[in-house]
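These notes are about the structure you will find just below.
Labels below follow one simple rule: chain letters A, B, ... track the order of the sequence lines, proteins then strands, and each chain is numbered from 1.
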Amino acid sequence: MTHSNPTEQATPEGQAAGVHFIHTRLKKEIEAGQVDRVITRFPPEPNGFLHIGHAKAIVLNFSMADTFGGYTNLRFDDTNPAKEEQRYIEAIKEDVRWLGYTWQNECYASDYFDTLYEYALHLIDAGLAYVDGQDAEVIKAQRGTLTEPGIPSPDRDRAVDENRALFERMRAGEFEDGAYVLRAKIDMAAPNINLRDPVLYRIRRQHHYRTGDQWCIYPTYDFTHGQSDAIEHITHSLCSLEFEDHRPLYDWFINHLPVPARPQQIEFARLNIDFTVLSKRRLTRLVDEGHVDGWDDPRMPTIAGLRRRGFTPQSIQNFCHEIGVTKAESVIPFGVLERNLRDDLNVRAERRMAVLKPLKVVLTNFDAEQPEYATLPNHPQDPSLGERQVPITKTLYIEQDDFMEDAPKKFFRLKPGGEVRLRGAFIVRCDEVIHNSEGQVVELRCSFDPESRSGLPGAERKVKGTIHWVSAEHAVPANVHLYDRLFNVPHPAKDKAVDFVTHINPDSVEHCGGAMVEPSLADWPAQTPVQFERLGYFIPDINSLPGKPVFNRAVTLRDTWAKLEKALRAQGT
RNA sequence: UGGGACGUCGCCAAGUUGGUUAAGGCACGGGGUUUUGAUCCCCGCAUUCGCAGGUUCGAGUCCUGCCGUCCCAGCCA
């Protein structure tokens, strides 16, 4: 990316990208000379995996810094040792990298513990913080309610020396967990509850994944975040809307502490997508309770899950630009994410043929002893991707869905007595339908029209439908996983009275164990999306083996027939 | 009922200091091309900006009052 004029930035859809209220505001600040470049940070807490909502924040932070000549730090907000783990650090770094971003500095709030401690002392000395010896419950009760002011703690007016001594003893480990807490002395009657003497430090004998047992007191988020921003000389601290109420507190610390810079916080609406959940708490539950197979389950909206599902970094970036950045809370249809994947893959994924649910077809007039070969382009619009030979033999497999004995008029695929083109090969006619003892269709006897072979003049002959196929003799058995939305209601967490897991879609995954794929798919390269013609975009699963392929379906192709069929069915035709 | 924020087409979202017929994308509808019912290409799609008043020659943009939605009472972030 370059520092181009925003109107020159465009997504593949031609939509202006990156022009939103934050962009506008930063541009003005630059022009007014208030800042000379924009330095941002992406500040995850290492207590879980990143999800698509984080991607929005990542794209925003990196693109703003990039647009305005600065850089972005990756900072782990690790002030709560009870929840944080090293493995999440690794996963987060991998996800950010995979999305296509390179951070300037890898930072940890825990690296600032010494400085933060000094800042706390500074506040104490200034008479702006005090040590409170009351229980958490008592402090909570004294905080008041939304409509009633809080009442001051009896410890609120403790002498500075005494506060200092107590705080030092807190650090020295002289007290039990929870015995004391350091609080800012602001305003117990403030209408903004965050200003009612918030807790700055708590005693917690917890092994920290990075600082070990060096500390038994840990700073809270409020006392950590802004100061960390200042220490790193972050110019703009972009965060989600729920921190709006914290901004006065953020500024209060910056104003009362000898920090090296004056960062400013700007809030934007977090991402919501329908038919899924996007909170770390809920995603953690899905993993911990075994509703999914882990953080990287392809049904998960995590970056790791989307990656395994077959999403591309580019499609996620495009999605984030397309949805924009505002302060209005919105819910984006899951289909928007899927369409961005299709748009990205349509132009660059190679095409192959695969049959998910095979139906045997015997070409009665195909007498060649040796297989013949059809030449198919690897991409219909991009000849540079080359072509390949696909074997044709007397016995083929086609998709069960591509044959109907009792077909409606609009059904353009195979039916008894009807004709279809086998993609890249020739036109076949269904002469006979063979059933098993239960009446199921198990085999089709067809004859092909030799004149209609691709490349021959007879190929000009038009038939309504074209279907995909594989040679039975050459096809490679494969396992294919089809994924659907994880929840069967648009807003699983909407009703607080109902546990969201009750809305999990029991049919969110379908396994096609008997799929048959064309030979070139036998050892398809990992991490490489491919289009199975007429079916969708797929990617080898991490458990895929050469000769024993396993594919995940990332997304189907747009399917107007499915819609039409549904409409016809609704009319009763 | 305290404080903070938001409300422009079904879903997103532009809308300069108030000034011609309210961008764009998605979705949707219609048509064309097509050996993927895919892609691609045309065309259509808000007399109206949560509602009601007011100021003004002129308001989505200013004022007043309502209505609706979200967030805040962790020693979580």
Side-chain angles (χ1 to χ4, degrees), chain A residues 11 13-16 19-20 24 43-45 47 77-80 82-83 132 135-136 139-141 143-150 177-178 180-183 190-196 198-204 217-218 220-222 224-225 239-248 267 269 274 280-281 322-333 335-336 339-340 342-343 346-347 351 353 376 379-381 410-413 420-427 452 454 459-468 531-536 556-565:
Chain A
T11 64
E13 295 75 39
Q15 187 186 11
V19 179
H20 44 68
T24 305
E45 183 188 12
N47 66 345
D77 224 336
D78 54 355
T79 58
N80 184 1
K83 296 181 178 177
D132 195 333
D135 289 346
I139 290 176
K140 178 178 178 171
R143 189 147 26 228
T145 67
L146 295 179
T147 53
E148 303 162 285
D177 284 14
Y180 288 97
V181 88
L182 182 71
R183 292 225 263 169
N192 180 344
I193 292 178
N194 293 121
L195 264 19
R196 318 236 264 231
V199 170
L200 273 30
Y201 266 92
R202 66 270 204 186
I203 302 173
R204 190 164 288 180
I217 57 172
Y218 292 95
T220 55
Y221 163 85
D222 282 313
T224 306
H225 204 92
C239 65
S240 43
L241 251 29
E242 65 265 32
F243 292 104
E244 266 176 324
D245 288 344
H246 293 245
R247 183 159 20 99
E267 311 84 14
D274 63 8
K280 237 190 256 181
R281 203 199 100 237
E322 181 177 315
I323 59 176
V325 180
T326 68
K327 297 190 73 159
E329 292 175 72
S330 57
V331 183
I332 310 293
V336 174
R339 181 179 45 71
N340 273 281
R342 283 192 200 105
D343 288 347
N346 175 48
V347 298
R351 269 107 240 235
M353 293 197 289
L376 280 91
H379 189 113
Q381 279 84 228
K410 296 270 194 175
F411 186 79
F412 298 152
R413 284 111 92 149
V420 276
R421 173 175 293 282
L422 296 185
R423 170 127 249 233
F426 37 59
I427 294 169
S452 68
S454 295
E460 297 302 308
R461 185 155 78 86
K462 301 294 180 194
V463 288
K464 278 290 196 179
T466 299
I467 63 175
H468 55 94
Q531 184 193 100
F532 289 177
E533 295 220 39
R534 304 209 307 132
L535 296 175
T556 62
L557 254 32
R558 188 154 160 265
D559 191 351
T560 47
W561 162 247
K563 261 185 278 184
L564 215 201
E565 188 183 34

Review point. Would you call A:Tyr221 stacked on B:rA77, i.e. ring centres under 5.5 Å apart with the planes less than 30° off parallel?
Key: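 Not stacked by the 5.5 Å and 30° rule.
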
Just to be sure I understand the rule, does [X] reach a base, reach only the sugar-phosphate, or reach nothing, if contact means heavy atoms closer than 4.0 Å?
| X | result |
| --- | --- |
| A:Glu45 | sugar-phosphate |
| A:Arg351 | base |
| A:Asp135 | base |
| A:Val331 | sugar-phosphate |
| A:Arg281 | nothing |
| A:Thr224 | nothing |
| A:Glu244 | sugar-phosphate |

Exercise for the section: Sticking with atom P, work out how far B:rU56 lies from B:rU48, rounded to a whole angstrom. Expected result: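 B:rU56 and B:rU48 have their P atoms separated by 24 Å.
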
Next item on the list: Take atom P in B:rU21 and the same atom in B:rU33, then report the distance between them in whole Å.
Entry: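 That atom pair is separated by 39 Å.
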
Between [X] and [N], does any side-chain N or O lie under 4.0 Å from OP1 or OP2?
| X | N | answer |
| --- | --- | --- |
| A:Thr220 | B:rC75 | no |
| A:Arg202 | B:rC76 | yes |
| A:Thr79 | B:rC76 | no |
| A:Lys563 | B:rC28 | yes |
| A:Arg339 | B:rA38 | no |
| A:Arg558 | B:rU39 | yes |

Tell me whether A:Thr220 contacts the main-chain N or O of A:Tyr201 through its side chain, where contact means a donor paired with an acceptor under 3.5 Å.
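Not confirmed, A:Thr220 side chain does not pair with A:Tyr201 backbone.
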
Subject >> Under 3.5 Å donor-acceptor, A:Ser452 side chain and A:Ala459 backbone >> reply: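 Not a single qualifying donor-acceptor pair exists.
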
Heteroatom pairs (N/O) under 3.5 angstrom, protein to nucleotides 33-35 of chain B:
{"from": "B:rU35", "atom 1": "OP1", "to": "A:Lys462", "atom 2": "NZ", "distance (Å)": "3.3"}
{"from": "B:rU35", "atom 1": "OP2", "to": "A:Lys462", "atom 2": "NZ", "distance (Å)": "3.0"}
{"from": "B:rU35", "atom 1": "O2'", "to": "A:Arg423", "atom 2": "NE", "distance (Å)": "3.0"}
{"from": "B:rU35", "atom 1": "O2'", "to": "A:Arg423", "atom 2": "NH2", "distance (Å)": "2.5"}
{"from": "B:rU35", "atom 1": "O2", "to": "A:Gly424", "atom 2": "N", "distance (Å)": "2.9"}
{"from": "B:rU35", "atom 1": "N3", "to": "A:Arg421", "atom 2": "NH1", "distance (Å)": "3.3"}
{"from": "B:rU35", "atom 1": "N3", "to": "A:Ser454", "atom 2": "OG", "distance (Å)": "2.6"}
{"from": "B:rU35", "atom 1": "O4", "to": "A:Arg421", "atom 2": "NH1", "distance (Å)": "3.3"}
{"from": "B:rU35", "atom 1": "O4", "to": "A:Ser454", "atom 2": "N", "distance (Å)": "3.3"}
{"from": "B:rU35", "atom 1": "O4", "to": "A:Ser454", "atom 2": "OG", "distance (Å)": "2.2"}

Pick one for B:rG50: is it syn, with its angle within 90° of 0, or anti?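 For B:rG50, whose glycosidic angle is more than 90° from 0, the conformation is anti.
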
#### Entry: Selection from B:rC75, B:rU39, B:rG37 that lies nearest to any side-chain heavy atom of A:Asn346
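Nearest to the side-chain atoms of A:Asn346, counting from C-beta on, is B:rU39.
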
Could you please name the option among B:rA77, B:rG37, B:rU1 that lies closest to any side-chain atom of A:Asn80?
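When the side chain of A:Asn80 is considered, B:rA77 is the closest of B:rA77, B:rG37, B:rU1.
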
Quick tally for nucleotides 69-74 of chain B: nucleotides whose base has a protein heavy atom under 4.0 Å get B, sugar-phosphate-only ones S, the rest -, giving -SBBBS

Parallel, tilted or perpendicular: which one describes the rings of A:His225 and A:Tyr221, with boundaries at 30° and 60°?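 Geometry flag for A:Tyr221 against A:His225: tilted rings.
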
